[in-house]
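First up is the structure itself, then whatever we jot down about it.
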Amino acid sequence: MRTLRRWLDDTAGGLPATFWYLWAGLLINRAGAFAMLFLSLYLTDARGASEALTGTVVGAYGLGGAAGVLLGGVLADRWGRRSTLIAAHLATAGLMVGLAFSRHLVMIAALAALVGVAHSMPSPAFVAAIVDVVPEQRRSRAFNLQFWAFNLGMAMASLLAGLLAEASFVALFLVDAAATLLAAAVIAWKVPETLPRRPTAPAPILDTSRSGQPASVQDLRSGPLDGAAVPPRRAGRQRQRQRQPGLHTALTDRTFLTFVGLTFVLAVLTMQTSTIMPLAMRSDGLRPSAYGAVVALGGVLIVLGQLFVPRLIERHRKDRVLAVSTALLALGFATLAFADDLVVYLAAAVVWTVGQMLAAPPNAQINADLAPPELRARYQSVFYLAFPAASFVAPTLGGVSLQYLGDRHWLIVGGLGLLAAGCHLLAGPPRERRVAALRLLSTPLPPPTPAPTSASASAR
């Protein structure tokens with residue numbers, strides 16, 4: 001009993017109530033977000049759309065998602081986390097009702113694009129709100145629980161979607177709308193606004209890649225990190241950027257963009273399971289039920305094992321954890337070059353799923369550490385762009401690679417993953433120096449020691 005209590009405390013202890021209401025809203029949101037999983041079947045079976053038109057409509061949903069991520073990040077920083085979450089959920093519910101009763105394909109395509117926007121808007125706001133309310137030393141377990149809730153909700157959505165789609169596509173959209181309204185009600189009732197209304201002056205974006213250790217607090221506040229003289233015009237531009245921080249700040253932050261690039265590679269690897277692997281299994285003569293078994297195994301492993309991850313990784317550097325997790329993904333997918341039966345696919349799925357589980361908490365925590373407080377949601381929006389980009393690149397290039405290279409495609413995927421693992425080890429130290437420098441900047445300077453008066457000097 002004592003061991004169980006200790007495990008629960010390490011996994012979920014010390015988190016504020018606001019986090020748990022955000023967590024509940026995310027779980028309801030994911031569990032109810034099942035209508036778009038069957039959008040392609042709805043278009044072909046219920047609306048008689050061609051495969052080409054169906055692909056265009058589904059693509060419009062994806063493009064809307066990319067726009068929604070950026071819009072959600074900007075609104076969450078300017079308007080507020082709570083307001084953005086409620087508005088996005090209400091908009092999604094209304095659009096789902098519209099999709100349920102729309103008959104014209106042009107209208108369905110327009111609504112699908114808008115649903116993509118509304119579906120993606122909450123992501124930056126959810127994460128920014130979690131960072132706002134959870135102390136830094138407990139964020140790893142909070143992000144671990146967030147990833148667990150996301151996957152648990154998706155597993156529930158997949159099960160419910162299949163049952164509802166067989167009964168009625170209209171019911172599919174309406175139940176999705178009702179679940180979205182329930183998530184909005186939980187957030188409106190229990191989640192306060194977490195955005196600081198009067199943020200402090202934005203901290204400069206520090207490039208520590210060419211320096212050894214962070215400078216002192218006084219040095220960081222008084223001038224450039226490397227001590228070099230800044231030309232007047234450049235200094236003026238720097239002051240203007242600091243006065244008006246925005247989305248461009250994240251898009252020009254080299255340290256952050258390096259991390260986003262490595263996350264993009266991780267997403268490309270992960271997308272293989274839903275884009276290229278089904279084609280490979282079909283060419284190996286395996287039935288669709290075999291693919292379902294591989295996907296189900298990954299979901300079960302995450303739901304059962306993700307809660308044990310924090311204690312496993314808490315004593316290790318985040319860059320090393322990400323290097324190991326990416327290497328496991330690379331190893332798992334490279335194994336598919338030699339797979340010809342279901343047993344090998346299942347064994348490989350175990351390996352890459354463990355890699356996914358290990359990567360989730362440090363990935364989210366590094367993203368939070370690199371973001372200035374007043375730009376948290378904007379940084380989150382740029383970070384989340386890696387996933388729709390990967391969802392486009394993975395099937396586009398992967399399909400060509402599989403067609404012309406065959407099983408060698410998986411060796412290329414494995415090599416890409418190993419290269420990314422090495423880059424994590426190289427990028428980790430300068431990234432940690434950057435985070436340490438930002439923490440020093442947020443530390444208040446000690447008050448100056450008063451100079452001795454003439455009376456006290458004569459007394460000595």
Side-chain angles (χ1 to χ4, degrees), residues 30 37 144 147-159 161-162 263-309 312-313 321-363 386-387 390-391 393-395 397-399 401-402 405-421 424:
R30 289 296 91 195
L37 297 175
N144 188 69
F147 182 71
W148 183 74
F150 184 91
N151 283 276
L152 178 61
M154 289 299 294
M156 296 168 61
S158 300
L159 177 63
T263 303
F264 168 74
V265 175
L266 182 73
V268 168
L269 297 179
T270 304
M271 290 287 178
Q272 300 296 314
T273 58
S274 59
T275 56
I276 306 304
M277 190 182 70
L279 302 177
M281 295 184 73
R282 184 179 64 183
S283 66
D284 286 334
L286 297 175
R287 299 173 60 84
S289 59
Y291 171 69
V294 173
V295 174
L297 175 63
V300 170
L301 287 175
I302 290 175
V303 171
L304 295 180
Q306 191 67 44
L307 298 181
F308 296 91
V309 169
L312 184 63
I313 67 174
V321 173
L322 285 174
V324 170
S325 64
T326 308
L328 287 173
L329 281 161
L331 176 62
F333 287 113
T335 303
L336 298 187
F338 312 100
D340 54 6
D341 56 38
L342 180 58
V343 174
V344 179
Y345 277 97
L346 291 173
V350 172
V351 176
W352 73 59
T353 302
V354 172
Q356 288 180 267
M357 293 163 61
L358 294 177
N363 229 21
F387 299 97
S391 67
V393 170
L397 297 183
S401 175
L402 186 67
L405 299 178
D407 288 339
R408 287 175 291 176
H409 164 78
W410 300 112
L411 297 178
I412 294 175
V413 171
L416 179 64
L418 291 178
L419 179 62
H424 270 298

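Residues take their numbers from the sequence shown, with the count starting at 1.
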Residues Trp148 and Ile302: closest non-hydrogen pair is CD1-O, 3.5 Å
Euclidean distance, Leu269 CG relative to Phe264 CZ, rounded to 0.5 Å: 10.0 Å
Quick one: does any side-chain atom of Thr353 pair with a main-chain N or O of Val350 as donor and acceptor, under 3.5 Å? no
For the backbone of Leu322 and the side chain of Ser325, can you confirm whether one donor and one acceptor N or O come within less than 3.5 Å of each other? yes
Identify the heavy atoms of His409 and Ser401 that sit nearest to each other, and give their distance. ND1-OG, 2.8 Å
So, taking the atom named CG in Asp284 and the one named CG in Leu279, what distance separates them when rounded to the nearest 0.5 Å? 11.0 Å
Can you name the residues that form a side chain to side chain donor-acceptor pair (under 3.5 Å) with Asp341, not counting sequence neighbours? none
On a heavy-atom basis, the closest approach of Ala334 and Gly414 is CB-CA, 4.1 Å
Would you say that Leu346 contacts Val294 through its side chain, given a criterion of any heavy-atom pair below 4.5 Å between the two side chains? yes
Please report the C-alpha distance between Leu405 and Ile412 in whole Å, then the side-chain angles of each, then the deciding distance to 0.1 Å, and finally whether the side chain to side chain contact (heavy atoms under 4.5 Å, CB included) criterion is met. CA-CA 10 Å; Leu405 299 178; Ile412 294 175; 3.3 Å; yes
Over all atoms of both residues, closest heavy-atom pair of Leu328 and Gly355: CB-CA, 4.0 Å
Would you give the length of the straight line joining atom CD of Gln356 to atom CZ of Phe147, rounded to the nearest 0.5 angstrom? 6.0 Å
At what distance, to the nearest 0.5 angstrom, does CE of Met277 lie from CH2 of Trp410? 7.0 Å
Is there a side-chain contact between Tyr345 and Leu286 (heavy atoms, below 4.5 Å)? yes
Taking the side chain from Thr273 and the backbone from Thr270, do they hold a donor-acceptor pair closer than 3.5 Å? yes
Donor-acceptor contact present, side-chain Trp352 to main-chain Ala330, <3.5 Å: no
Contact summary for Gln272 and Ala394, nearest pair of heavy atoms: NE2-CB, 4.2 Å
Would a 4.5 Å heavy-atom cut-off, applied to side chains only, mark Asp407 and Leu336 as touching? no
Give a yes or no answer on whether the side chain of Asn144 reaches the backbone of Gln306 with a donor-acceptor pair at less than 3.5 Å. yes
Any chance you could measure His424, atom NE2, to Asn363, atom CG, to the nearest 0.5 Å? 6.5 Å
Write down the atom of Ala349, the atom of Leu297, and the distance for their closest heavy-atom approach. CB-CD2, 4.4 Å
